[in-house]
Amino acid sequence: NAGVTQTPKFRVLKTGQSMTLLCAQDMNHEYMYWYRQDPGMGLRLIHYSVGEGTTAKGEVPDGYNVSRLKKQNFLLGLESAAPSQTSVYFCASSGDLNTEAFFGQGTRLTVV
Amino acid sequence: GENVEQHPSTLSVQEGDSAVIKCTYSDSASNYFPWYKQELGKGPQLIIDIRSNVGEKKDQRIAVTLNKTAKHFSLHITETQPEDSAVYFCAAIPSGGYQKVTFGTGTKLQVIP
């Protein structure tokens with residue numbers, strides 16, 4: 001079972017460049033999330049989606065945009081990367097509000 | 001908003017000993033408390049969870065206890081093994097689900113053979 005798959009696993013960007021992180025889940029989950037993980041901090045929610053065609057802001061949404069055109073995919077975009085966006089990004093999905101969330105393997109992004 | 005404090009930040013134990021990680025939360029509306037294990041280079045994986053209507057839950061060598069009055073919950077790992085070495089995260093979630101989740105800052109557990 002693939003579960004939650006993130007693409008790419010590693011990326012180095014120059015300040016000002018743009019990129020899109022792709023998250024795909026094969027569990028038919030309604031809810032999908034993007035988090036960032038920084039040293040010494042817990043995971044923080046960037047954006048989330050409660051179903052196909054919906055998106056909403058999380059705790060730290062500035063500098064990011066998302067889209068959920070298909071139920072199985074949740075895309076995270078950086079329009080103009082900044083060094084402060086250097087982080088490890090995790091996508092997750094869950095079938096219901098208060099049930100287990102399944103995480104992808106992460107994308108390590110460095111902005112220089 | 002919710003605030004989750006997790007202690008200790010690092011923990012070293014001898015193989016076979018027990019490990020305990022503690023988390024406190026501030027929002028009494030939190031009612032779901034999962035624990036995640038994150039191995040190096042991988043995403044977090046749920047290892048056990050507990051809901052606010054239960055005081056304790058056990059799954060083989062892993063157990064979680066919840067004290068709603070004191071607003072704290074703990075992860076207990078008995079008979080630790082080298083493969084238990086990882087970073088463990090607690091989380092507190094209200095009825096709004098994972099879009100309202102607050103994660104702890106993590107505990108790096110090292111099991112020494």
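All chains are named by letter (A, B, ...) in the order of the sequence lines, taking the proteins before the strands, and each is independently numbered beginning at 1.
- If you chain together hydrophobic residues whose side chains sit under 4.5 Å apart, B:I47 and B:V20 never meet in one group.
- By number of non-hydrogen pairs under 4.5 angstrom with chain A, the leading residue of B:S95, B:S9, B:G41 is B:S95.
- Heavy atoms of A:V4 lying under 4.5 Å from chain B are absent altogether.
- Looking at A:L43, the atoms closer than 4.5 Å to chain B (heavy atoms on both sides) sit in the backbone and in the side chain alike.
- Residue A:L21 holds its CG atom at 6.5 Å from CG of A:L109, rounded to the nearest 0.5 Å.
- Ranked by heavy-atom pairs shorter than 4.5 Å toward chain B, the options A:P39, A:C91, A:G106, A:A101 are led by A:A101.
- For A:S49 (side chain) and A:T54 (main-chain N/O), a donor-acceptor pair under 3.5 Å exists by modelled atom type.
- Among A:Q37, A:M41, A:R108, the residue with the largest count of heavy-atom pairs under 4.5 Å with chain B is A:Q37.
- Contacts between B:P34 and chain A at a heavy-atom distance below 4.5 Å are absent for every atom of the residue.
- Among pairs with a residue in residues 86-112 of chain A, those fulfilling ring-ring contact (aromatic ring centres under 6.0 Å, His included) read A:H29-A:F102, A:Y35-A:F103, A:Y64-A:Y89, A:F103-B:Y36, at least two apart in sequence or across chains.
- Residue contact with chain A, scored on non-hydrogen atoms closer than 4.5 Å, is absent for B:V4.
- Under a 3.5 Å cut-off, the side chain of B:E2 and the backbone N or O of B:S30 do not form any donor-acceptor pair.
- Among the candidates B:D17, B:T80, B:I77, B:L11, the single residue satisfying the side-chain contact (heavy atoms from CB on, under 4.5 Å) test with B:V111 is B:T80.
- Of the two parts of B:Q45, neither the backbone nor the side chain holds a non-hydrogen atom closer than 4.5 Å to a non-hydrogen atom of chain A.
- Within the 3.5 Å criterion, the main-chain N or O of A:G40 finds no donor-acceptor partner in the side chain of B:T105.
- The stretch residues 6-24 of chain A participates, sequence neighbours left out, in these side-chain hydrogen bond (donor to acceptor under 3.5 Å, both in side chains) pairs: A:Q6-A:T107.
- Your options are B:P44, B:G97, B:G106, and the one with the most heavy-atom pairs under 4.5 Å with chain A is B:P44.
- Considering only heavy-atom pairs separated by less than 4.5 Å from chain B, the leading option among A:V50, A:V88, A:T99 is A:T99.
- For B:Y32, the part lying near chain A is the side chain, with the backbone staying farther off; criterion is any non-hydrogen pair under 4.5 Å.
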